[in-house]
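Accompanying notes for the structure given below.
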Amino acid sequence: MIDLKQLTTRKDEIQQNITNRFMHVDLETVLDLQEKRSLLIQEVDALRKSRNENAKKMKGKMSPEERQILIAEGKDLKVKIAQQEEILKEVEVQYLSEAKRIPNYAHPDAPIGKEDKDNLQISTWGTIPQFDFETKDHVQIGQDLDLIDFDTAARVSGAKFYYLKNQAVLLELALERYALDILRKHGFTLTITPDIAKEEVLEGIGFNPRGEESNIYSLEDTGTCLVGTAEITLGGYHAGEIIAKERLPIKLAGLSHCFRKEAGAAGQYSKGLYRVHQFSKVEMFIYALPEESDAIHQELLAIEEEIFQGLDLPYRIVDTCTGDLGAPAYRKFDMEAWMPGRGENGEWGEVTSTSNCTDYQARRLQTRYKDEDGKVQYLHLLNGTAIAISRAIVAILEINQQADGTVSIPTALQPYMGMDHISKENR
RNA sequence: GGAGAGGUGUCCGAGUGGUCGAAGGAGGCGGUCUUGAAAACCGUUGAGCCGAGAGGCUCCGGGGGUUCGAAUCCCCCCUUCUCCGCCA
């Protein structure tokens, strides 16, 4: 949520931002509700004041007649207050549900555009490999080497689930350990987070746990959901706290499973492991001082690059355009790895994403710090993918496939894997 | 899952239905003293909302209720601890 006090002072800017993001929020409605709410609060507060004064008068001794008069007055006020409070509550609910839909401000350098093809490529690393043999996509490789079983998973769990098998299991664990070791080196506190979180935490982070378009699995009658990312559990970690300035920045790394409904997602660009209902991911999450968040965002991007460079996977970085930013994000960088099996002759596929959400999530989560003047301020929250296992596996299998059908293992992973290639023979 | 005891400010901890946003300590900050520090002493120290301001309102795990008035009484939920059961 943005600072609603700025609704009037930065109105044009907010409106322009909504337009740039191709979102639909009626600012006038929000402003109307804000005005209504303010008046109602003033009314209710005045009534409460009368009630408090009335109650205070009754503390001392007095004649039964006098007391009866005051009690009658108090009863009258009580009814009025209850009525007005009811109205206020309704307005408040409407106001917040509208206001929550207003997206975060966007970084002035974020490219303006509607969808992912408007994202701005800002760098590339590595070279796109040329193969002198007929290449396969990861689904085929996974099947030929008995690494991934979609068919059985479809029977047991449903479409878009999978079993990892044999060396793919070792590959997943190796990637997790590889990424965690790098994060540890960078001063992150390592965690394995719960895979379930309360709806209020999801909402604080900016996810919508309900509704048609929700990507979230909710657990019936519990008020909880399966997390779509450890961003939720890591962001909830310090919710409601006022954190001492000396402790900042707080750098958390979290390994979790991620669950996504992905309703309607199908076709060529979602095939295989690329878009699935469950995967594992190591996530980075930072609680930062506002003045440091831009620099830390760059650091997160640098760590993502370090991880992929270590794996020898060619990639490019894009600066995400306004229309493709999530509502909480102020700026977002995506890393796209080259996937030879994607599209006709290979294409870039998103493998990581890092966002600076400034104070947008912190305001809902009430995650704050005290500045040098002792004033309480909202922190800036940032997140970034260290490694999303399923997509990393897509890139690794497709990039490292050999003419003989085997797959070589990136040097950095070999110690974790205990092998330098995957073949049917060494499983 | 069953039984019992708790959940109060940064932390520990007291709290009779009205004088409680809340005693007392610790910690933090400022000061006196000191060459400096410690100790001692004095002062100060929660957050949010509405309002141009004056000021007012709300918050004692969360939500309901009783009452003219609730941190205090009642109900539900969450959570922590102890014991029992079950269990990887």
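Below, read A as the first sequence line, B as the second, and so on, with proteins coming before strands; counting in each chain starts at 1.
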Query - Secondary-structure notation, RNA chain B, from Watson-Crick and G-U pairs under 3.5 angstrom (| other strand) - result: ((((((((.[[[..)..(.....]]]((((((.......))))))(((((....))))).[[[[[..)....]]]]])))))))....
Query raised in the report: Could you give all pairs that pass the side chain to side chain donor-acceptor pair (under 3.5 Å) test and reach residues 392-401 of chain A, with sequence neighbours left out?
Result: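 Found His138(A)-Glu398(A).
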Tell me whether [X] at atom [atom1] has more than 12 heavy atoms from other residues, nucleotides or ligands lying less than 6.0 Å away.
X	atom1	value
Ile250(A)	CD1	yes
Lys80(A)	NZ	no
Lys36(A)	NZ	no

Report task. Could you pull out all residues at least two apart from Leu145(A) that satisfy side chain to side chain contact (heavy atoms under 4.5 Å, CB included)? Result ->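 In terms of side chain to side chain contact (heavy atoms under 4.5 Å, CB included), with neighbours along the sequence ignored, Leu145(A) is linked to Ile141(A), Leu147(A), Val407(A), Ile422(A), Lys424(A).
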Query raised in the report: Is there a residue in residues 75-101 of chain A whose heavy atoms reach under 4.0 Å of RNA chain B, and which residues are they?
Result: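 Residues of residues 75-101 of chain A that come under 4.0 Å of RNA chain B are, in numerical order, Lys75(A), Lys78(A), Lys89(A).
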Query raised in the report: Is there a residue in residues 32-53 of chain A whose heavy atoms reach under 4.0 Å of RNA chain B, and which residues are they?
Result: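 Residues of residues 32-53 of chain A under 4.0 Å from RNA chain B: Arg37(A), Ser38(A), Ile41(A), Gln42(A), Asp45(A), Arg48(A), Lys49(A), Arg51(A), Asn52(A).
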Query - NZ or CZ of Arg391(A) within 45° of Tyr274(A) ring axis and under 6.0 Å - result: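 So Arg391(A) does make the cation-pi contact.
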Query - Length of the line joining Lys370(A):NZ and G46(B):C1', which is rounded to integer Å - result: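 To the nearest whole Å, that distance equals 7 Å.
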Query raised in the report: With rounding to whole Å, what would you report as the distance between G43(B) and C49(B) at their C1' atoms?
Result: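 Rounded to whole Å, the distance is 30 Å.
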Identify each donor-acceptor pair in which a side-chain atom of residues 105-113 of chain A lies under 3.5 Å from a protein atom, sequence neighbours left out, and give them as a table.
| from | atom 1 | to | atom 2 | distance (Å) |
| --- | --- | --- | --- | --- |
| Tyr105(A) | OH | Gln6(A) | OE1 | 2.7 |
| His107(A) | ND1 | Asp109(A) | N | 2.9 |

